[in-house]
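This is the structure I have questions about; it appears just below.
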There are 2 protein chains.
Amino acid sequence: MLREDVTDAIRSAVFEELAAVGFARMSIEGIARRAGVGKTAVYRRWKSKLALVLDLVSAVAAQGLPVPSTGSLYGDVRALLEVASHALRHPLASRVIPDLLVEAARHPEISEAIKSALLDKEKGIAAAVVREAVARGELPEGTDPDRALDLIAGPLYWRLVVVRGDLPAGYLDDLATTAVAALTRDRTT
Amino acid sequence: MLREDVTDAIRSAVFEELAAVGFARMSIEGIARRAGVGKTAVYRRWKSKLALVLDLVSAVAAQGLPVPSTGSLYGDVRALLEVASHALRHPLASRVIPDLLVEAARHPEISEAIKSALLDKEKGIAAAVVREAVARGELPEGTDPDRALDLIAGPLYWRLVVVRGDLPAGYLDDLATTAVAALTRDRTT
DNA sequence: GTACGTCGCAACGCAACCGTTTCGTCGTGA
DNA sequence: TCACGACGAAACGGTTGCGTTGCGACGTAC
């Protein structure tokens, strides 16, 4: 019977190592060292570096993302931004997420895992938020949820991850207001 | 006298290698191999992998970014999106840029280089576009150019780089219209 | 035509990591 | 009490890249 505390230590080490050096530089030896564990213990559980990371991603996926339902489009969007901004400012996650997104361009398995663990769920959430807003009459029928996600998540990701700028007080409120206005506005001209 | 054709071959190889395997996995041996050149030729010119990349980035920076001046805010924004979408869909640049942006989080020198070669220039362009729009009366005084850049570049970067989705016909027009509307709208409530 | 510097190539010793195997220890279940 | 299996540690041979060195070939400037 594999010891669960060892398994947990390895999982944490993978996360930390991923944040520290990135997927490309991450090594099994480094993970075992960080976890205070023999390489044997790692290889007994996973067969490769890739398998370790895929396991980590699907573990994150399993815990799911909260689906906001505040009763208003603004409230839902604001809640989405709140959650996303926390993730993108988490000291470890803020390094791991962009790193894996970039690696996904080179590894189909990572791409697939990230897609089903994160992007598809976000798309689903956006779709749900849009659907409810349409039902409430806040948005016109036929509103494109993918475009909605671009407008909601894009500016935040750009600022926090790409530019790595700060988040002034009230900025999330402003982004939410802006996104709602952009979605509400008739897409004419 | 160093042979210029060799220098050029190395520079190209760095760019291609960066796109193929990323900064983390890139090796001097791989670059020399790809350039069809001895390691000696590389070390005679640059002292490390980092120096090679910094040189590449500042070479890109030197050629500068076009500053749009179409006479209207929409025209300028649309032109910005056009240029950015080309860069982010270029088969090599679309891999190199996100990779270096992520590496920048780990290497202050890369961060600094990218910042002065790309981000600061983009901010400058956004500032110029906003300034002219204010002068024309299209935007209110005190419009935040950083926020403007978030709203213009964020959705596009999210779609092309993060989600790696497609770009439907008319999408850039729509993004430009949306961004202009978001900027124009009085930022109340 | 001679001298110099760059060229590609190959080899150097060193370090890190690969994935595997062996070993002695320890904890648990039968 | 005993057997079994997971544990950490260490070593294995092999691969890759490091940064350096020595080599003979080539080309150009003087």
Side-chain angles (χ1 to χ4, degrees), chain A residues 1-57 59 95-96 99-100 102-103 106-110 113, chain B residues 1-57 59 95-96 99-100 102-103 106-110 113:
Chain A
M1 193 87 301
L2 298 175
R3 270 170 51 191
E4 196 150 349
D5 57 331
V6 170
T7 305
D8 292 346
I10 296 172
R11 278 215 176 85
S12 300
V14 170
F15 191 51
E16 291 163 19
E17 195 76 0
L18 216 42
V21 306
F23 179 78
R25 290 183 189 83
M26 189 178 84
S27 71
I28 303 264
E29 304 221 338
I31 291 164
R33 208 178 303 132
R34 185 184 289 269
V37 138
K39 275 200 290 180
T40 329
V42 178
Y43 280 110
R44 200 173 285 123
R45 290 166 172 81
W46 294 275
K47 71 176 223 297
S48 69
K49 177 169 105 166
L50 183 59
L52 268 163
V53 169
L54 295 183
D55 178 90
L56 179 75
V57 171
R95 286 169 170 259
V96 172
D99 186 84
L100 289 183
V102 167
E103 289 294 338
R106 273 182 275 266
H107 304 277
E109 305 94 327
I110 294 182
Chain B
M1 194 83 305
L2 298 176
R3 269 170 52 190
E4 195 149 350
D5 57 330
V6 171
T7 306
D8 291 345
I10 296 172
R11 279 216 174 86
S12 299
V14 170
F15 190 51
E16 291 163 18
E17 194 76 1
L18 215 42
V21 305
F23 179 78
R25 290 184 188 82
M26 189 177 84
S27 71
I28 303 263
E29 304 223 340
I31 291 164
R33 210 178 302 135
R34 184 185 289 269
V37 138
K39 275 200 291 180
T40 329
V42 177
Y43 279 111
R44 200 172 285 123
R45 292 166 171 79
W46 294 275
K47 71 176 224 295
S48 70
K49 178 170 103 168
L50 182 60
L52 268 164
V53 170
L54 296 183
D55 179 89
L56 180 75
V57 171
R95 286 169 169 260
V96 172
D99 185 84
L100 289 183
V102 166
E103 289 294 338
R106 271 183 276 267
H107 304 278
E109 305 93 328
I110 294 183

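Letters go in sequence order (proteins before strands), and every chain restarts at 1.
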Rounded distance (Å) that lies between atom P of D:dA6 and atom CG of A:L2: 6 Å

Starting at NZ of B:K39 and ending at C1' of C:dA11, how long is that distance when rounded to a whole Å? 10 Å

Under 4.0 Å, counting only non-hydrogen atoms across every strand here, what does B:R25 touch: a base, just sugar-phosphate, or nothing? nothing

Min side-chain heavy-atom separation A:D55-A:R45 under 4.5 Å: no

Do A:W46 and A:T7 make a side-chain contact, defined as non-hydrogen atoms from C-beta onward lying under 4.5 Å apart? yes

Residues A:R33, A:E17: salt bridge by 4.0 Å N-O rule: no

Does any part of the side chain of A:V53, heavy atoms only, come nearer than 4.5 Å to the side chain of A:M26, both counted from C-beta? yes

Gap between atom CG of B:L56 and atom CG of B:L100 - 0.5 Å precision: 7.5 Å

Atom CG of A:L50 to atom C1' of C:dC18: distance rounded to whole Å? 16 Å

Touch class at under 4.0 angstrom, heavy-atom based, for A:G36 against every strand present: sugar-phosphate

N or O in side chain of A:R3 less than 4.0 angstrom from D:dG8 OP1/OP2: no

Figure out the CD1/C1' separation between B:I10 and C:dC7, and round it to whole Å. 11 Å

Residue pair B:E29/B:V6 against DNA chain C: nearer the 5' end by closest nucleotide is B:V6

Grab the CZ-C1' distance between A:R33 and D:dA10 for me, whole Å please. 14 Å

Nearest whole Å is fine: how far is D:dG17 P from B:L52 CG? 15 Å

What is the separation between atom NZ on A:K47 and atom P on C:dT20, rounded to the nearest whole Å? 11 Å

Answer yes or no: side-chain N or O of A:T40 and base N or O of D:dA9 forming a donor-acceptor pair under 3.5 Å. yes

Atom NZ of A:K49 and atom C1' of C:dC17 are separated, to the nearest Å, by 10 Å

Nearest to the A:V37 side chain among D:dG8, C:dC18, C:dT6, which nucleotide is it? D:dG8

